[in-house]
Structures are given as structure tokens and as C-alpha cells.
Novice: 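The structure under discussion is supplied below as C-alpha cells; questions concerning it will follow.
Worth knowing before you read on, the calculation uses all heavy atoms, side chains too, and leaves out hydrogens, waters and symmetry mates. Just so you know, ligand 1 is whichever comes first in the structure, and atom 1 is the first atom listed for that ligand.
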Amino acid sequence: MGKDEPARGSGGEQIRRREADLAEPGVRWDYAPARESREIVRLRERYDLFVGGRWLEPKTERTFTTIDPATEEPLAEVAEAGEEDVDLAVRAAAEAWEARWRDLPGRERAKYLYRIARALQERSREFAVLETLNNGKPIKESRDVDVPLAAAHFFYYAGWADKLEYAFPGRRPRPLGVAAQITPWNFPLLMCAWKLAPALATGNTAVLKPASTTPLTALLLAEVIQEADLPPGVVNVITGPGGRTGGWLAAHPAVAKVAFTGSTEIGKVLRRSLAGSGKRLTLELGGKAANIIFEDAPIDQAIEGIVNGIFFNQGEVCCAGSRLFVQESVAELVIAKLKARLSTLRVGDPLDKNTDIGAINNRAQLAKIQELVRSGIEEGAEIYQPECELPERGFWFRPTLFTNVAMSHRIAREEIFGPVLSILTFRTPEEAVEKANNTEYGLSAGIWTEKGSRILWMAERMKAGVVWANTFNRFDPSSPFGGYKESGFGREGGRHGLEPYLDLDGGAA
Ligand code: NAP
């Protein structure tokens, strides 16, 4: 498929198909107008650094190419920030903090947050298409989840900006200064909102570095921030390779707080390098969540929850329900239903509104998924993949189930970060808890049962930051999110999400 060709016929053909579908009761097709969707995005050929309220060419004079993972077509050239650029950005943030932002009343900061939230809503279609183009996720997810949730975070934290003393009674909450914020590629815009909204609401300024494979929605957000007239330097967005740009940013002496979301491996690197620096650090890292289904669960509802739990965003979700524990008595039934449901999932063009599973974000991630799936087969697990045609170009992986999985298998222990579900069984609630907690991670878990008392009993015992009951992957800005063990520390979201950006000790009553 060429870069500018529509994914499914011309606009006229789509309308004719829609008309034909309407004539056929019971069939509901809603073809995405791929060509029009693309056109809503006005890509620049080259994106500079957003520093001090202006777009600056990098001192390095270097750029890198960002692509569409569904086609491997280049989308734009993006600036590579060097050490001098990082320094400029941090200094711009520090000056903005000293000169204005730290003393601005909360209700004034809130106004800017509301403006950003509304601009996200007004330009939601553009953000959704750009997110899908750069990340590979289905348009229905970027449209219905990523963008509205990002706006919701700005709305939610705008509400806290002038009520911080009520959030921490008896204490005197004060901002820290410059926050360095480093985000991953799986929810590029949403992660910016998770980081920026609480930082700005609490009176901090920020330098944000998005992941190199998905910088475009962070840069569009910078455009929105410029239009919202935020004082220059309050938000700066710089791009470049993690090991260099990200490393310099985190280590900069004028940075008071580092907020990182990404892999456990890099989280550990940062933790080591910042030890003794006096900087505050929060880490949102990997996961290997358990979805636990009891024999009394509402099975059909649970099947949908399990499918959503692992195939939402191609499974590239830190809290993905990648291990399914099924009570032995219903294992056969659940596996049969899951296989049937898998064969109805539509894999392909992420801009098509009917697509359930889009492209894997990058080649390295695809190789990692392939390697772990191979290990599953070699270690003796049984693989199931439905028949489906995959596009020739781009990074694709079929939805995959593994049965006959042992707790010692790599696919039961390591984060795959792809559309791969490992199914294990249990007999008693005690065994389910023991197995589910037998992981180095502790980010989330799901419990499916009709028994309220069992939900409470299980939730008390699960070592996971979030425990969902009879649902999965439910997010709300008012709920704190974060991990135990190798999944990191600190919470984002809710009142808890304010705390990492505040000095509360000075004013302790
Ligand atoms: P990653 O490789 O750790 O990268 C995350 C971010 O850190 C990127 O912006 C990256 O820049 C940057 N980075 C890389 N090396 C760095 C270094 N030495 N110093 C400072 N920054 C550095 O993770 P990813 O592959 O983007 O994301 C996938 C991982 O994120 C998964 O493990 C997933 O579970 C985790 N995740 C966790 C949560 C959560 O809330 N717990 C949410 C989403 C994702 P480059 O892109 O330039 O390398």
C-alpha cells in the first residue's frame, strides 16, 4: 500500500459499500475513511525542539526519522537534542519557575490546564490520527481511549491546582522546581498528560522527553501549549535518544525531580545513576499481570475482559493481563471460547475503525515478541494463532495464545509486551494468589468471580498496585496507578499523583 493511497478503496467506493451494508440488516460495517483521516494531520517535514516557548533548531544540527510502523514509511524528521540543548531546556524551565510559575496562584495555573484540556478535545481527531500513524495502535483506541483520557487528566488536575492545601491537610505543599519527564512509546500522548498535568497543577515546570519512535503527539501537544499561551519555559519538549538526551536530562543539576515511565532495565539504570543526587524519582516500569478467572465468573463477560486485557494496544501495555489463571474446572471451556473469540479479531490497517489489532510499534519490539514466542514453543507450551493475513510491510504479530504453560517458562515470567497470552490453571483461591504473586513484577491484576467476599479476600493478598474486579484496563484520572517490586514506585493519578511533585515536609504540622 502506497503512502497516500487509502487503505480500503476510494471515498466513493466506501460510501457505496456503506450503503450496501445498510441494506443488509444485521451487518454493521463502518469503514474508516483512511485517506481523509490521514489528511487531517498536517505533518511538518521537520520538528525542532520546543524550548522557552519557541521552536529551536538543535545545536547538534542532527535529526532522526520517525516512521509509521504499519507501513514503515517515514513521517517526519525530528531534532536530536545534544547536551547543550538539554541545558538550554532545563535552564528555560528553571527561569520560568523562578520568575513566575512558582508564585502564580493555583487558580491561574488551573486556567492554563483547562485551556490545554479543551484544545485536546477540539483537536481530538487530529491527535488520534497522529497517534495511530506514529504508534500503530487502532484508531478506535486512540480516538476513544488515549486522547479523551489525556484531556481528562488535564481537566482533573486543573481541579486540584487551587486546592492543594485540602489535599494535604495540616501541611504546606510547595512545588519542587524543574521536573524531567521521560515517557515510553506505548501511550505517547497519554503518558505526557500523566506527567505534565500533575507537575503543572502543583506549580512545577517541566522538560519532557518522549520516546524516539513516537515523538509526534508530544510535539503536537507542545504546539497546543504554545497556543494556550503558557508562560514561555513552563513546558519544554526535547527529542533525542534515551541513552544520551534522556541521560543528560535526568542528570542535569537544575532538575529537582525525575519522572520516568519505561522499561524496568532503564528504570534501574536511572535509579543507580541518581542515587545520592538528592533528586526525587518516580518509576513506572514493566509488568506481568495476572487475570484470574474462577468457575463462578460471568464467563462471557470474562472472555471479553481477558481479550481486552491482553490485546488492547497489541498487548503493549505495562499492566496487560498477560498471564491468565483459570480455575481447572472451567479451563477447557474458557480456552475454547477464547480461541473462538480470537479468530474474530481483525488485525490490520490501524486507521480502519474496525481494526482490533494494529501494528507493533517498532522492529526491535517485534523481534523481542518473536524471540519470546519461540522460547515458549521450545520450552513445550502449545501455541494457538488464528489464521489471518498480515500486511506485507510494517511490523505485525498475530494474536497468540499459549496453553500447557509452566510457571518456569519464560513466557510466564518475562514481560513480552505484545499480543501473547499465557494460560495457566489453579484449583483453589490460595493457589491462585500464590501463583499470581510469583513474579518479580507487581503492577496490576484482574479477578473474575461473582463472589464479593472472594474479591475482597483476593485483593487483600495480591501484590499489585491496581486490582480490577470483573473488569480490566479501566483507567480514570482520579485513581492512583503504580507498581510494587520491579514495576517501580510512586503513584500517578488521583490525589496520590500530586505528592511526588510536592515538598510536604517543610510545612509538616
Ligand atoms: P524504554 O526503552 O525504557 O524507554 C522509555 C523512555 O526512556 C524513552 O523515552 C527512552 O528514549 C528513554 N530512555 C532510554 N534509555 C534511557 C536512559 N539511559 N536514560 C534516560 N532515558 C532513557 O521503554 P520503552 O521501550 O519505551 O517502553 C516499554 C516499557 O515501558 C515496557 O517495559 C512497559 O512495561 C513500560 N511501561 C510502563 C508503564 C507504567 O505505567 N508502569 C506505562 C507504559 C510503559 P528512547 O525512546 O530514545 O530510547
Side-chain angles (χ1 to χ4, degrees), residues 64-66 69 78-81 86 134-135 137 146 149 180-195 207-216 218 237-252 255 258-274 279 281-289 312-322 360-369 372 414-418 439-444 464-466 473 475 479-493 497 500:
F64 59 94
T65 308
T66 187
V78 181
E80 182 181 320
V86 172
N134 205 190
N135 169 278
K137 66 177 71 202
D146 297 65
L149 256 185
Q181 308 192 312
I182 301 175
T183 53
W185 47 256
N186 58 344
F187 291 94
L189 175 69
L190 186 58
M191 290 300 115
C192 294
W194 279 30
K195 300 258 176 292
V207 180
L208 183 131
K209 192 209 89 66
S212 294
T213 57
T214 54
L216 295 183
V237 179
I238 57 171
T239 42
R244 294 203 295 276
T245 311
W248 290 320
L249 174 58
H252 196 291
V255 161
V258 177
F260 172 82
T261 298
S263 59
T264 297
E265 182 195 344
I266 303 295
K268 285 182 182 172
V269 169
L270 281 173
R271 197 171 185 182
R272 274 196 298 270
S273 69
L274 296 181
K279 294 183 206 291
L281 175 67
T282 39
L283 298 175
E284 300 274 7
L285 310 175
K288 190 75 185 170
F312 170 63
N313 208 43
Q314 295 73 243
E316 295 165 331
V317 183
C318 47
C319 55
S322 53
I360 299 301
N361 177 252
N362 57 72
R363 192 182 292 284
Q365 183 57 32
L366 178 62
K368 182 181 163 194
I369 298 169
L372 276 161
E414 296 180 29
E415 183 181 50
I416 301 176
F417 222 56
T439 164
E440 61 203 30
Y441 295 109
L443 197 51
S444 69
V466 186
N473 275 343
F475 301 100
S479 300
F481 184 89
Y484 286 99
K485 303 193 273 184
E486 301 246 317
S487 292
F489 52 83
R491 294 291 178 266
E492 289 186 314

Novice: Can you tell me the protein heavy atom closest to atom 11 (O) of ligand 1 and the distance?
Specialist: Lys209 NZ, 3.1 Å
Novice: Heavy-atom contacts under 4.0 Å between Leu285 and ligand 1: side chain, backbone, both, or neither?
Specialist: backbone
Novice: Relative to atom 29 (C) of ligand 1, which among Gly493, Gly262, Pro184, Ser273 owns the nearest non-hydrogen atom?
Specialist: Gly262
Novice: Give me the residue, atom name and distance of the protein heavy atom closest to atom 23 (O) of ligand 1.
Specialist: Ser263 N, 3.3 Å
Novice: I'd like to check which ligand 1 atoms, numbered from 1 as shown, lie under 4.0 Å from a non-hydrogen atom of Pro241.
Specialist: 47 (O)
Novice: Tell me which part of Pro210 gets within contact of ligand 1: side chain, backbone, both or neither, using heavy atoms under 4.0 Å.
Specialist: backbone
Novice: For Thr261, counting its heavy atoms only, list the atoms of ligand 1 lying under 4.0 Å from any of them.
Specialist: 5 (C), 36 (N), 37 (C), 38 (C), 39 (C), 40 (O), 42 (C), 43 (C), 44 (C)
Novice: So between Ser444, Ala251, Cys318, whose heavy atom ends up nearest atom 36 (N) of ligand 1?
Specialist: Cys318
Novice: Taking C-beta and beyond as the side chain, do Cys319 and Phe481 meet within less than 4.5 Å on heavy atoms?
Specialist: yes
Novice: If you measure from each non-hydrogen atom of Glu492 to ligand 1, which part falls under 4.0 Å: side chain, backbone, both or neither?
Specialist: neither
Novice: Heavy-atom distances under 4.0 Å are what count here, so tell me which part of Thr183 touches ligand 1: side chain, backbone, both or neither.
Specialist: backbone
Novice: To check your reading of the model: name the closest protein heavy atom to atom 26 (O) of ligand 1, its residue, and the distance in Å.
Specialist: Trp185 CD1, 3.0 Å
Novice: Less than 4.0 Å is my threshold; does some heavy atom of Gly243 fall inside it relative to ligand 1?
Specialist: yes
Novice: So, Thr439 and Lys485: side-chain donor and acceptor under 3.5 Å apart, yes or no?
Specialist: no
Novice: Counting heavy atoms only, which part of Phe187 comes closer than 4.0 Å to ligand 1: side chain, backbone, both or neither?
Specialist: neither
Novice: Report the nearest protein non-hydrogen atom to atom 46 (O) of ligand 1: residue, atom name, distance rounded to 0.1 Å.
Specialist: Ser212 N, 2.8 Å
Novice: Pick out which of Thr282, Thr183, Thr261 makes a side-chain hydrogen bond (donor to acceptor under 3.5 Å, both in side chains) with Lys195.
Specialist: Thr261
Novice: Could you tell me which atoms of ligand 1, counted from 1 in the order shown, lie closer than 4.0 angstrom to a heavy atom of Ile182?
Specialist: 6 (C), 7 (O), 9 (O), 12 (C), 20 (C), 21 (N)
